[in-house]
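Shown next, in structure tokens, is the structure this report addresses.
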Amino acid sequence: MSDPTMTMVAAINATLAAEMERDERVVVFGEDVALSGGVFRATEGLLDQFGEDRIVDMPLAEAAILGAAAGLAAGGMVPVPEIQFLGFGYQAMHQLAGQIARFRYRTLGRFEMPITIRSPFGGGVRTPELHSDSLEGQLTNIAGLKVVTPSTAADAKGLLTEAIRDPDPVVFLEPLRGYRGVKGPVPQGEYRVPFGKARWATPGDDVTIITWSYQVEVAVRAARNLAQQGLSVGVLDLRTLVPLDIDEIVAAVERTGRVIVVEEAVPTGGFAAEVIATINEYAFWSLEAPPVRVSGFDTPYPVGQLEDTYVPDARRIEAAVHRLLEVRP
Amino acid sequence: MSDPTMTMVAAINATLAAEMERDERVVVFGEDVALSGGVFRATEGLLDQFGEDRIVDMPLAEAAILGAAAGLAAGGMVPVPEIQFLGFGYQAMHQLAGQIARFRYRTLGRFEMPITIRSPFGGGVRTPELHSDSLEGQLTNIAGLKVVTPSTAADAKGLLTEAIRDPDPVVFLEPLRGYRGVKGPVPQGEYRVPFGKARWATPGDDVTIITWSYQVEVAVRAARNLAQQGLSVGVLDLRTLVPLDIDEIVAAVERTGRVIVVEEAVPTGGFAAEVIATINEYAFWSLEAPPVRVSGFDTPYPVGQLEDTYVPDARRIEAAVHRLLEVRP
Amino acid sequence: MPTTLHNEDLIAMLCEMIKARVASDRLWSLQRQGRIGTIAPIDGQEATTVGATWALDPTTDWVIPQYREPLALGRFGPEVLNRFAAWALGHPEGGHIPEPVRVFPPQISLATQILHAVGLAWALKLRGEPGVVLVFFGDGSTSEGDFYEAGNLAGVLEVPVIFLCSNNQWAISTPTSKQTAAAGFASKAEAFGIPGVTVDGMDPLAVHEVVAAARDRALAGSGATLIEAVNYRLNAHTTADDPTRYVPEDELAEARERDPLVTFRRQLEARGIWDRHHQADAEQAAASAIDHAWNWATNLPLAQLDLFDHVFANPTPRQQRQRAALADHLGHESGGGAR
Amino acid sequence: MPTTLHNEDLIAMLCEMIKARVASDRLWSLQRQGRIGTIAPIDGQEATTVGATWALDPTTDWVIPQYREPLALGRFGPEVLNRFAAWALGHPEGGHIPEPVRVFPPQISLATQILHAVGLAWALKLRGEPGVVLVFFGDGSTSEGDFYEAGNLAGVLEVPVIFLCSNNQWAISTPTSKQTAAAGFASKAEAFGIPGVTVDGMDPLAVHEVVAAARDRALAGSGATLIEAVNYRLNAHTTADDPTRYVPEDELAEARERDPLVTFRRQLEARGIWDRHHQADAEQAAASAIDHAWNWATNLPLAQLDLFDHVFANPTPRQQRQRAALADHLGHESGGGAR
Ligand SMILES: Cc1ncc(C[n+]2csc(CCOP(=O)(O)OP(=O)(O)O)c2C)c(N)n1
Ligand SMILES: Cc1ncc(C[n+]2csc(CCOP(=O)(O)OP(=O)(O)O)c2C)c(N)n1
Ligand SMILES: [Mg+2]
Ligand SMILES: [Mg+2]
């Protein structure tokens with residue numbers, strides 16, 4: 001394979017540079033993105049390459065970052081704001097859910113919001129409170145937002161490219177653990193991954209694991225372990241939660257009849273529940289056993305010494321697969 | 001029946017007065033709650049009765065209202081803040097989800113948050129944008145919050161009493177349409193309704209409709225129409241979404257095997273999905289047909305001329321019941 | 001009455017103020033007849049809105065209103081009033097002010113629009129386009145974090161924005177004394193490092209002057225200005241409100257003495273460019289304007305399935321499924337044959 | 001060095017400042033050894049924190065820190081440092097500062113704590129309790145809406161709160177010049193109608209004096225004060241940060257000249273109440289304090305199922321089911337016999 005191997009953060013960085021190069025309406029801004037290159041170095045080098053009009057260190061105010069993004073978009077720019085950690089997106093929820101997500105609808109398309117909100121999230125790296133929270137359950141319940149959750153370096157490139165070019169607001173969620181923990185080949189040149197097309201991270205016929213973002217890695221690890229026990233477990237990476245690839249989910253249920261949905265978040269009201277409701281809606285009769293959630297728990301995201309218990313790991317997923325395979329109608 | 005008949009808003013008003021009378025730590029505050037008695041008159045008369053230390057008109061800042069509530073609670077008070085309309089709770093999401101919901105957890109119980117956040121929500125009354133939004137899907141995904149959704153005047157009293165006395169934060173959702181649209185007998189004197197106990201608004205054996213808040217009224221109307229066609233449709237009012245009465249849901253599924261979950265909200269990531277996932281978890285084998293959602297749609301809450309189409313009505317529920325009964329395994 | 005404005009401007013301004021009041025009254029009655037939902041009247045704030053917009057160039061400058069101002073934005077074209085009527089009627093076209101009118105639809109989520117204004121002004125600056133952004137907000141809205149975040153950001157970015165606080169003394173039932181302990185809203189500019197100016201918001205010429213100066217400043221690249229226009233809400237907050245519960249009678253009576261529709265009219269009369277014929281003509285023109293807007297808005301077609309339009313540029317598969325299911329349901333409802 | 005403080009206070013203050021620096025350095029090394037997660041050093045902000053808290057009465061007054069100050073809150077008891085060590089270790093007890101210590105745990109969601117302070121001060125006022133609330137926050141945190149909403153609310157409610165902006169010139173890599181165009185952070189008090197004071201945050205006695213005055217004011221019922229203590233972040237933002245990418249070398253060198261641990265020590269030496277023996281003793285006491293805190297924190301017991309404790313006073317049925325399932329899983333994992 002001639003594609004260079006990159007970390008996810010390097011793929012993101014290169015994609016931002018490529019899109020800024022391609023379209024001069026693209027502006028990147030957020031807390032500490034310019035001079036320091038971002039707390040994860042995702043925006044490193046952009047200041048030198050594009051200058052301080054195109055990449056801007058903002059005052060420490062998330063609502064201002066997203067509120068200004070809405071205004072920039074109305075003024076014809078293509079804003080790519082960063083929320084330093086997704087948990088601080090709460091500070092801007094009124095601008096995100098109440099404004100950005102509704103501008104097109106409210107104005108019947110006069111004001112498009114081609115905004116890509118990049119934000120790291122997810123656990124496993126011992127960050128303090130609110131840095132690790134997985135809020136997909138809440139974000140996907142906001143009509144008017146697309147929610148994108150890459151799990152590989154290549155997808156980070158392909159989906160970020162698509163997000164920036166999409167005429168609608170996209171919340172682009174970058175797994176903290178994946179920035180350097182995920183590496184892989186990344187196609188060079190123009191590379192787009194369309195929204196709403198799930199990806200088989202691992203094919204498999206006995207059980208389907210449906211998940212997204214960093215949990216794809218974890219699920220693939222579980223599937224690999226289970227393969228050694230002779231079990232064929234497929235891992236379906238949703239890639240984008242809104243839009244959702246209903247067809248591929250249905251096909252997976254039809255093939256295996258047994259499904260596990262893995263998420264890092266609080267389960268109550270989380271996106272795994274939505275996947276299960278969707279399966280009930282479109283593939284109920286293909287189920288051979290009740291679909292199962294492997295999630296965080298109904299507690300706030302815990303402190304460092306407890307997070308490995310909170311975040312699903314391969315063993316919890318494997319145990320769920322075993323239990324699921326024991327179920328006989 | 002000797003219980004006086006009251007509107008829901010009158011029951012709420014009387015309960016606030018009773019709780020303020022009972023416990024002088026109770027303080028009520030929000031936008032326009034004191035002098036004008038609230039935009040729906042829910043707090044009318046409290047200023048005269050309790051004086052301006054106990055009921056306070058706040059500056060127009062939702063984060064300040066909830067942030068101050070957290071501090072008041074830490075200082076030993078029992079805050080009952082009002083968010084004038086739930087859609088403006090977004091302005092305070094960082095205080096609600098990031099702070100109030102986590103204070104007890106973060107401090108291992110040193111700082112309790114006995115806060116009851118009252119807020120009207122829901123459609124059907126031709127309000128402008130954001131006044132009608134149903135955000136249960138998002139609120140229930142925030143661990144550390146209880147989410148309470150009365151549908152009758154009596155429950156408004158019983159659950160609000162319970163909420164104010166609960167040592168943990170409660171989001172108490174009051175249906176806009178119910179304030180004056182819902183009337184009923186209200187027990188006098190001390191009356192508490194425990195959290196986590198669903199209520200059969202209408203019993204029934206063919207199909208179970210699970211819902212909450214104003215949609216209970218709508219579902220009961222549908223059940224009544226269907227009864228005339230000889231169908232026995234039960235309506236289970238969840239009353240509280242967190243905690244959820246899993247046992248009663250399971251019992252209902254076991255009895256009828258056919259379930260419809262009705263919600264006003266955006267379906268993707270909404271609470272109906274959670275109910276369906278819960279049913280899959282605990283009562284899958286009792287299902288005789290796939291559980292069905294009747295919801296709003298995956299659009300922002302629309303303008304007045306479209307809202308009757310958006311919000312589930314009895315006809316949409318009835319159609320769903322008919323379709324559900326046609327399903328044969 | 002020293003002003004740089006020409007007589008025809010002065011006349012046009014008074015006409016616009018009259019139009020706003022007449023349209024506001026008309027919508028009020030329509031609400032009372034149950035034909036539209038809650039509506040927020042403009043009484044007392046006409047001079048602020050009209051004076052401010054007369055300092056703008058509608059071909060380059062933008063206006064971002066709160067929810068009262070659209071009644072008085074005629075300087076940007078009659079389309080704004082048409083759309084406002086549709087908005088009051090709960091029709092989706094109400095939020096759609098078509099190009100090239102540089103006006104945003106009404107904002108309900110208070111103070112959020114102040115940040116949009118900063119972003120839009122930033123876009124103008126980045127694109128090297130001429131023009132400024134004027135954003136309106138109430139005294140109550142200044143308590144929201146968004147107001148401060150916007151002021152602070154504008155100070156840092158030095159963008160061409162004019163913050164116009166239309167201080168009508170009330171936020172629903174909450175008086176300014178409970179809104180802030182600051183010595184006036186203009187003084188909050190201190191926190192942003194931008195100039196703050198207080199002006200008599202009942203005097204359109206005074207407002208015009210300070211806005212024109214702020215605009216010059218902005219166009220010169222010197223950044224933002226915060227203006228507090230002090231006026232008074234002469235009517236209820238909205239049709240759903242009963243101000244007699246909280247507005248002191250004497251205070252209201254005193255404010256009525258300063259009703260801009262009376263005082264400005266007297267000024268023009270004194271200048272000899274206005275008489276009762278002009279007044280009658282203006283009132284009649286105003287009545288036709290709102291009649292026209294109302295007729296236009298009530299005749300807008302609407303299909304229930306429009307519900308799904310414009311969430312995204314292209315609907316998601318799930319939206320398509322929902323739309324099809326709803327079409328099916330509505331088809332059944334209307335007899336089934338419709339499908 | 002005119003001050004009302006007694007010699008023993010001055011000595012105790014320097015000891016506390018030394019303790020903070022030593023503890024900060026120790027945690028830094030522990031992070032470098034991979035024993036704890038990211039940590040935010042206090043270097044340069046000791047004088048501000050210590051000077052301020054020495055003006056408080058720990059039996060009646062409260063401190064709400066951001067995340068650097070807990071290293072220097074010894075005036076409220078050694079418990080604060082113990083808990084901070086546990087916090088750095090990612091142990092749940094780290095967030096639990098037990099009664100009667102009137103200190104909140106570190107705040108991560110910036111500026112939210114400023115509103116908590118206003119609410120807490122409001123509670124004191126409503127309950128007629130003596131005491132004030134001192135809340136710390138950074139220069140960067142003043143850009144959040146919560147800061148302004150808090151200041152404005154405190155102005156209106158006239159509650160006994162002291163807002164202390166510890167201006168270390170940086171918010172991670174963002175300098176104050178990009179944070180605001182205002183003429184200093186104290187000037188933002190203008191927006192709230194409360195007094196604003198700027199003080200040399202490298203001088204503990206100057207900080208003590210202004211905080212004491214603000215406290216007197218608050219106790220007298222005159223409400224809030226905003227204080228900007230100007231200091232400098234002498235180390236990195238956190239262990240994850242590389243300040244050489246953005247901090248100008250000369251600026252940092254100049255600030256190091258004003259290192260409060262050096263200048264205050266010199267003052268005490270000049271006063272004849274400090275010498276190198278004191279210094280050695282203080283450094284050793286500091287080392288034992290952090291040793292003790294570390295030992296205490298590393299020996300805290302922990303069960304993975306503690307994960308479920310303290311979400312609510314009583315767990316929900318769902319939490320009970322989840323806990324049982326996890327117990328089951330962990331039991332299986334550890335060989336099954338453990339159940
Ligand atoms: C974020 C938000 N919070 C609350 C409301 C409810 N509300 C509508 S109007 C209003 C008062 C607004 O006062 P002001 O800004 O002074 O404007 P005015 O109505 O006086 O023109 C309130 C509280 C809202 N629309 N948005
Ligand atoms: C609401 C919120 N947004 C962003 C962050 C990420 N963050 C952590 S520290 C920091 C800078 C804080 O600067 P300042 O308030 O000056 O405090 P300092 O670190 O200088 O003491 C940022 C942006 C956060 N913790 N909370
Ligand atoms: Mg007002
Ligand atoms: Mg700082």
Side-chain angles (χ1 to χ4, degrees), chain A residues 24-25 27 29 53-54 56-77 79 91-92 94-95 97-112 114 143-146 166-169 195-196 240 242-247 278 281-282, chain C residues 62 64 92-99 101 104-127 129 131 133 135 144-146 148-157 159 161 306-321:
Chain A
E24 64 172 22
R25 297 170 310 156
V27 279
F29 50 100
D53 271 359
R54 303 281 307 281
V56 181
D57 282 326
M58 294 283 278
L60 207 171
E62 290 77 14
I65 292 170
L66 295 198
L72 281 166
M77 304 300 286
Q91 263 82 352
H94 54 298
Q95 288 289 350
Q99 301 300 313
I100 287 176
R102 295 175 203 227
F103 246 102
R104 175 190 287 278
Y105 195 66
R106 178 192 294 161
T107 65
L108 302 192
R110 168 147 189 207
F111 295 115
E112 294 196 330
L145 295 183
K146 298 185 179 175
D166 193 282
D168 286 307
F195 290 174
T240 66
V242 177
L244 182 64
D245 190 349
I246 300 176
D247 291 341
T278 301
E281 206 161 347
Y282 300 113
Chain C
W62 287 85
I64 302 189
E93 286 289 349
H96 176 218
I97 299 172
E99 299 208 45
V101 182
F104 274 40
Q107 180 56 260
I108 289 302
S109 184
L110 293 169
T112 59
Q113 79 275 15
I114 315 178
L115 279 166
H116 307 161
V118 176
L120 181 57
W122 188 9
L124 293 176
K125 183 176 174 178
L126 287 173
R127 296 165 71 103
E129 288 178 13
V133 181
V135 58
E144 291 282 1
D146 280 13
Y148 296 100
E149 292 191 9
N152 190 59
L153 181 61
V156 172
L157 294 178
V159 291
V161 64
D306 292 355
L307 182 63
F308 290 97
D309 294 347
H310 301 293
V311 182
F312 297 119
N314 300 303
T316 64
R318 191 185 290 273
Q319 290 173 321
Q320 287 167 358
R321 286 173 195 248

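First the proteins, then the strands, lettered A, B, ... as listed; each starts at 1.
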Might you point out which heavy atoms bring [X] and [Y] nearest each other, and give the distance in Å?
| X | Y | result |
| --- | --- | --- |
| A:Gln95 | C:Leu115 | NE2-CD1, 3.6 Å |
| A:Asp53 | C:Leu126 | O-CD2, 3.5 Å |
| C:Pro98 | A:Arg110 | O-NH1, 3.4 Å |
| A:Gly75 | C:Leu120 | CA-CD1, 3.4 Å |
| C:Asp146 | A:Ala63 | OD1-CB, 3.7 Å |
| A:Ala68 | C:Leu153 | CB-CD2, 3.9 Å |

Under 3.5 Å, side chain of C:Arg127 to main-chain N/O of A:Gly76, donor-acceptor pair present?
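Answer holds: yes.
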Under a 4.5 Å heavy-atom cut-off, does chain A meet the side chain of [X], its backbone, both or neither?
| X | result |
| --- | --- |
| C:Ala117 | neither |
| C:Val311 | both |
| C:Pro92 | both |
| C:Ile114 | neither |

Just give me the residue among [options] that pairs up with chain A most often, heavy atom to heavy atom, under 4.5 Å.
| options | answer |
| --- | --- |
| C:Gln113, C:Lys125, C:His310 | C:His310 |
| C:Thr112, C:Ile64, C:Thr316 | C:Thr112 |
| C:Gln107, C:Glu129, C:Glu93 | C:Gln107 |

How long is the gap from [atom1] on [X] to [atom2] on [Y], to the nearest 0.5 Å?
| X | Y | atom1 | atom2 | result |
| --- | --- | --- | --- | --- |
| A:Leu72 | C:Leu124 | CG | CG | 10.0 Å |
| C:Asp306 | A:Leu108 | CG | CG | 8.5 Å |
| C:His96 | A:Phe111 | NE2 | CZ | 9.0 Å |
| A:Met58 | C:Asn152 | CE | CG | 10.5 Å |
| C:Arg318 | A:Glu281 | CZ | CD | 6.0 Å |

For the pair C:Glu149 and A:Glu62, evaluate side-chain contact (heavy atoms from CB on, under 4.5 Å) and give the outcome as yes or no after the intermediate values. CA-CA 9 Å; C:Glu149 292 191 9; A:Glu62 290 77 14; over 6 Å; no
Heavy-atom distance under 4.5 Å to chain C: side chain of A:Leu66, backbone, both or neither?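 Neither part.
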Which residues share a ring pair (Phe, Tyr, Trp, His ring centres under 6.0 Å) with A:Tyr282, sequence neighbours left out =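 Not a single residue meets the ring pair (Phe, Tyr, Trp, His ring centres under 6.0 Å) criterion with A:Tyr282.
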(Q) Angle between ring planes, A:Phe103 versus C:His116, binned at 30° and 60°: parallel, tilted or perpendicular? (A)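 If you compare the ring of A:Phe103 with that of C:His116, the planes turn out perpendicular.
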Fill in: Counterpart residues, side-chain hydrogen bond (donor to acceptor under 3.5 Å, both in side chains), relative to A:Asp168 (two or more places apart)
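Per chain and number, A:Asp168 pairs via side-chain hydrogen bond (donor to acceptor under 3.5 Å, both in side chains) with A:Arg104.
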**Study point:** Heavy atoms of other groups near A:Glu24 CD, more than 12 under 6.0 Å
**Key:**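 No, the 6.0 Å shell around CD holds no more than 12 heavy atoms from other groups.
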- Among A:Gly144, A:Ala101, A:Pro243, A:Gly109, single out the residue with the greatest number of heavy-atom pairs under 4.5 Å to chain C.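 Ranked by heavy-atom pairs under 4.5 Å with chain C, first place is A:Gly144.
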For the pair C:Trp122 and A:Val27, evaluate side-chain contact (heavy atoms from CB on, under 4.5 Å) and give the outcome as yes or no after the intermediate values. CA-CA 11 Å; C:Trp122 188 9; A:Val27 279; 6.0 Å; no
